[in-house]
Amino acid sequence: FAGDSSAKNPHDAYYFYYGRNELQAVRSGDWKLFFPHTARSLRGKPPGADGKPANYDALPVGHGLYNLRDDLGETKNVAAENPEIVKRLEALAEQAREDMGDKLTNRIGKATREPGRAVGP
């Protein structure tokens with residue numbers, strides 16, 4: 001953030017959870033892997049009016065790998081050309097699912113808890 005070109009990212013990955021614990025994507029370095037889910041889209045829709053929001057369309061998102069350095073707009077799925085990167089990102093996602101869970105795969109994570117309750121004995 002400070003513009004230091006020699007700065008290193010302290011995190012191996014970032015996990016994109018949405019809503020009620022849906023792991024929708026994982027990013028590591030220049031790579032972002034999406035998992036199948038449904039998103040909401042306003043593409044081509046008129047804006048809301050009179051204090052009412054616009055109606056969203058359901059947008060299916062498939063399994064896909066994107067190189068954000070070369071394709072910031074996430075337009076070209078390069079999963080088929082990079083199976084080793086897909087495998088590495090899927091392993092990172094599996095670690096997150098074990099810890100945090102994932103509604104999309106019906107997983108309850110080891111570190112999850114009821115709201116207002118501490119984890120521990």
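Just so it is clear, the structure is predicted and the values come from calculations on it, not from any experiment. Heavy-atom basis, side chains included; hydrogens, waters and symmetry copies ignored.
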Handout entry: Point-to-point distance, once rounded to the nearest 0.5 Å, from CH2 of Trp31 to CG of Asn67
Key = 4.0 Å

Fill in the blank from the handout: Of all heavy-atom pairs linking Ala96 and Tyr17, the shortest is O-OH, 3.5 Å

Practice task
Work out which heavy atom in Asp12 is nearest to a heavy atom in Ser28; give both atom names and the distance.
Solution key: O-OG, 2.7 Å

Fill in the blank from the handout: Sorted by chain and residue number, the side chain to side chain donor-acceptor pair (under 3.5 Å) partners of Glu94 (sequence neighbours excluded) come out as Arg107

Practice task
Verify the cluster assignment for Ile85 and Val78: are they in a single hydrophobic cluster under the rule of side-chain heavy atoms below 4.5 Å apart?
Solution key: yes

Fill in the blank from the handout: Using a 4.5 Å side-chain heavy-atom cut-off and chaining through intermediate ILVMFWY residues, the residues clustered with Leu42 come out as Tyr56

Exercise for the section: Could you grab the distance from atom CD of Glu22 to atom OG1 of Thr38, nearest 0.5 Å is fine? Expected result: 8.0 Å

Exercise for the section: Would you mind listing every salt bridge (Lys or Arg N to Asp or Glu O under 4.0 Å) that reaches into residues 77-88, with sequence neighbours excluded? Expected result: none

Exercise for the section: Write out all pairs satisfying salt bridge (Lys or Arg N to Asp or Glu O under 4.0 Å) with one or both partners inside residues 49-62, taking only residues at least two apart or from two chains. Expected result: Lys45-Asp57

Handout entry: Residue list, ring-ring contact (aromatic ring centres under 6.0 Å, His included) with Phe35, at least two apart or on another chain
Key = none

Problem - Residues forming a side chain to side chain donor-acceptor pair (under 3.5 Å) with Asn106, sequence neighbours excluded - result: none

Handout entry: Asn21 side chain vs Met100 backbone, donor-acceptor pair below 3.5 Å
Key = yes

Handout entry: Test side-chain contact (heavy atoms from CB on, under 4.5 Å) applied to Ser41 - qualifying residues, sequence neighbours left out
Key = Arg43, Leu59

Exercise for the section: Check whether any side-chain heavy atom of Val61 sits under 4.5 Å from a side-chain heavy atom of Gln24, and report yes or no. Expected result: no

Problem - Main-chain N/O of Tyr66 paired to Asp71 side chain as donor or acceptor, under 3.5 Å - result: no

Fill in the blank from the handout: To the nearest 0.5 Å, atom OH of Tyr18 lies from atom CZ of Arg40 at 4.5 Å

Handout entry: Contacts of type ring-ring contact (aromatic ring centres under 6.0 Å, His included), residue Phe16, not counting sequence neighbours
Key = none

Problem - Shared hydrophobic cluster, Val86 / Val26 (ILVMFWY, side-chain heavy atoms < 4.5 Å) - result: yes

Handout entry: Closest heavy-atom pair and its distance - Pro60, Ala58
Key = CD-O, 3.8 Å

Practice task
For Glu90, check salt bridge (charged side-chain N to carboxylate O under 4.0 Å, His left out) against everything at least two apart and list the hits.
Solution key: none

Problem - Co-members of Ile108 in a cluster of I, L, V, M, F, W and Y side chains, linked at under 4.5 Å - result: none

Problem - Sequence-distant partners of Asp99, salt bridge (charged side-chain N to carboxylate O under 4.0 Å, His left out), two or more places apart - result: none

Problem - Hydrophobic cluster membership, Leu89 vs Phe34, 4.5 Å side-chain cutoff - result: no

Handout entry: Main-chain N/O of Leu65 paired with Asn77 side-chain donor or acceptor, under 3.5 Å
Key = yes

Problem - Pairwise salt bridge (Lys or Arg N to Asp or Glu O under 4.0 Å) hits with a residue in residues 27-37, at least two apart - result: Asp30-Arg69, Lys32-Glu74

Practice task
Find out whether Lys76 and Asp70 are in side-chain contact, i.e. whether some heavy atom of one side chain is under 4.5 Å from a heavy atom of the other.
Solution key: no

